[in-house]
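Notes follow the structure.
Note that the numbering runs from 1 along the sequence shown for the chain.
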Amino acid sequence: IMPGITHWNHPRFFAYFSNSSVPVAVLAEALCATLNVNAMLWRTSPAATELEDVVLAWLRQLLGLPVAFHGIIYDTASIAGFTALAAARDSLGLEIRERGMAGRDIAVPRVYITQHTHSHIEKAAIALGIGRENVVVIESDDKYQMDAAALERQIRHDVAHGLRPMCIAGTIGTTSMTSVDPIAELARIAKEYHVWLHVDAAYAGVAAMLPEHRGLFAGTQHADSLVCNPHKWLFVPMDLSVLFVRKPEAVRKAFSLVADYLVTPETGVHNYMDYGLQLGRRFRALKLWFVLRTYGARGVRDRIRAQIGFAQELAQWIEGEPDWEVSAPHPFSVVCFRYAPAELFAAELDARNAAIMEHVNATGKTFLSSTKIDGKTVLRIAIGNEGTTREDVALAWQLLKEAALETSG
């Protein structure tokens, strides 16, 4: 098994969105397996439900979200996003839950994204019967942010043609290059046209804990839902995603279906099986509780701030090196860049950068991934492991420079 494992928990794993599972969270996972709780109903383990309520209230406060937001744990942002879109669809009042969509003359729901939006939003639209052609890609500006004016024009067009705007999916920290959509503007548009606003902050959400980054999250207080993944950048092992919703009853209304054998007499409690597709639920809140109690707000902030600092320093190294360039803004802990010497033709650069990445990864000393920006292959370093040091980042950069020379022939 071990020779075939990609070591996501290694401090020099810089691919995709780097993450880490700190020792105390590993202990929490072991205890979770030992207790073997099914947290579907409050009564099937009251502590599991109550702890989920408490620890997500802590997280909400750390992120600066209003008290009206209620958090619910899912496994990944894909399921959290699906849940949010299902609630958005149900909120249209089209009786889709009871009557379905097939064979009915109803207004067609529309979802608005950009080309940089994570694919799980489109997958959710497919699963919900909305269809890919009703997921509208809004153009982005030169900072890779959703163009709010273009969005508003598209919504007006759709309304005029009898279509039903359902959900705007904005992102804080897009997957390729961590760009930030203008959430405050999207919130204004959503309110004016009565459209559900979902914010995907799966990766970057925890950066809202830092006062100096709070400005990037302006407008999130007006969203209908927001997802943040502690398993990405809060040192919690896979898998733990949190969906914050302004009106949790909208989610419950979309999904609640209680069989006779699950009816309970309790009132005033959360039966979390009613807030999504899943019936059985693991005791995921335990590991988040262990991490927050161990590190505290200050400890978490210090680690996130340090990792953003490593990324900003890396960007400075790249910008100061001839033949290398930074390819996109880098507000968080991800840097996109490429080797781009003037003597190489554009057609050669993609192959050269891919070769550099493979050469570096073959050393076994670090692991990187790539993406496409404006059709160009770019390399990507994502910093997020609790054990990563400045020296780890410096080593990766040195390996990249060496690989550029070694692949020149």
Side-chain angles (χ1 to χ4, degrees), residues 70 72 74-115 117-139 146 150-171 186-200 222-227 243-260 262-263 271-279:
H70 181 81
I72 309 162
Y74 300 91
D75 55 357
T76 64
S78 297
I79 299 302
F82 170 87
T83 303
L85 260 67
R89 190 187 70 172
D90 191 71
S91 71
L92 295 176
L94 300 176
E95 299 183 311
I96 293 173
R97 174 186 162 110
E98 298 301 327
R99 302 179 62 192
M101 296 177 70
R104 298 178 60 206
D105 184 17
I106 59 174
V108 176
R110 302 276 271 183
V111 176
Y112 306 93
I113 65 172
T114 74
Q115 67 183 94
T117 304
H118 194 279
S119 60
H120 78 265
I121 296 295
E122 191 168 1
K123 284 187 176 182
I126 293 170
L128 289 166
I130 294 164
R132 293 189 69 186
E133 70 178 30
N134 293 307
V135 179
V136 185
V137 179
I138 304 298
E139 62 191 69
M146 184 182 287
L151 170 67
E152 189 161 15
R153 286 195 300 271
Q154 183 65 55
I155 289 177
R156 286 176 177 170
H157 173 274
D158 288 352
V159 171
H161 287 79
L163 304 172
R164 189 70 182 271
M166 183 189 98
C167 180
I168 301 166
T171 307
L186 304 190
R188 178 193 64 77
I189 294 168
K191 181 179 180 180
E192 181 173 347
Y193 295 93
H194 307 290
V195 185
W196 185 288
L197 175 61
H198 175 67
V199 177
D200 178 1
H222 302 302
D224 295 286
S225 56
L226 178 146
V227 64
L243 178 67
F244 287 101
V245 287
R246 179 177 295 279
K247 297 178 180 178
E249 277 306 303
V251 178
R252 187 178 183 278
K253 183 172 177 284
F255 285 100
S256 181
L257 189 66
V258 183
D260 291 342
L262 294 174
V263 173
N271 293 318
Y272 279 119
M273 69 170 194
D274 291 338
Y275 295 81
L277 286 175
Q278 194 171 353
L279 178 62

Indicate yes or no: at least one non-hydrogen side-chain atom of [X] is less than 4.5 angstrom from one of [Y].
{"X": "L257", "Y": "R97", "result": "yes"}
{"X": "V227", "Y": "H198", "result": "yes"}
{"X": "L163", "Y": "Q154", "result": "no"}
{"X": "I79", "Y": "Q278", "result": "no"}
{"X": "V135", "Y": "T117", "result": "no"}

Legend entry - Criterion side-chain contact (heavy atoms from CB on, under 4.5 Å) on T76 and H120, from CA distance to verdict: CA-CA 10 Å; T76 64; H120 78 265; over 6 Å; no

Taking every non-hydrogen atom, the tightest pair across [X] and [Y]:
{"X": "A88", "Y": "C167", "value": "CB-CB, 4.3 Å"}
{"X": "H222", "Y": "A187", "value": "CB-CB, 3.7 Å"}
{"X": "A86", "Y": "L128", "value": "N-CD1, 3.7 Å"}
{"X": "S225", "Y": "A84", "value": "OG-CB, 3.6 Å"}
{"X": "D90", "Y": "A254", "value": "CB-CB, 4.0 Å"}
{"X": "S91", "Y": "W196", "value": "OG-CE3, 4.0 Å"}

As an exercise, state the distance from [atom1] of [X] to [atom2] of [Y], rounded to the nearest 0.5 Å.
{"X": "R164", "Y": "I130", "atom1": "CZ", "atom2": "CD1", "result": "12.5 Å"}
{"X": "L186", "Y": "Y112", "atom1": "CG", "atom2": "OH", "result": "13.0 Å"}
{"X": "L279", "Y": "L262", "atom1": "CG", "atom2": "CG", "result": "6.0 Å"}
{"X": "T171", "Y": "M146", "atom1": "OG1", "atom2": "CE", "result": "7.0 Å"}
{"X": "K123", "Y": "H118", "atom1": "NZ", "atom2": "NE2", "result": "8.0 Å"}
{"X": "L151", "Y": "E139", "atom1": "CG", "atom2": "CD", "result": "10.5 Å"}

Inset, instruction - Step through the shown structure and confirm whether more than 12 heavy atoms of other residues, nucleotides or ligands are within 6.0 Å of CD on E133. - result: no

Legend entry - Member of L226, T83, V251 meeting the side-chain contact (heavy atoms from CB on, under 4.5 Å) criterion with V245: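 The passing option is V251.
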
Legend entry - Residue among V111, I155, D224, V199 satisfying side-chain contact (heavy atoms from CB on, under 4.5 Å) with I168: I155

Legend entry - Basic-acidic side-chain contact under 4.0 Å: E152, R188: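 Yes, charged N to carboxylate O under 4.0 Å.
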
Would you confirm whether [X], through its side chain, and [Y], through its main-chain N or O, come within 3.5 Å as a donor-acceptor pair?
{"X": "R89", "Y": "P109", "answer": "no"}
{"X": "R104", "Y": "G100", "answer": "yes"}
{"X": "R252", "Y": "D274", "answer": "no"}

Inset, instruction - Could you tell me how the ring of H70 sits relative to the ring of Y272: parallel (under 30°), tilted (30 to 60°) or perpendicular (over 60°)? - result: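 Because their plane-to-plane angle is under 30°, the rings of H70 and Y272 count as parallel.
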
Legend entry - Non-neighbouring partners of Y74 that pass ring pair (Phe, Tyr, Trp, His ring centres under 6.0 Å), sequence neighbours left out: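 By the ring pair (Phe, Tyr, Trp, His ring centres under 6.0 Å) rule, Y74 matches no residue at all.
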
Legend entry - Verdict with supporting geometry, L92 and I106, side-chain contact (heavy atoms from CB on, under 4.5 Å): CA-CA 11 Å; L92 295 176; I106 59 174; over 6 Å; no

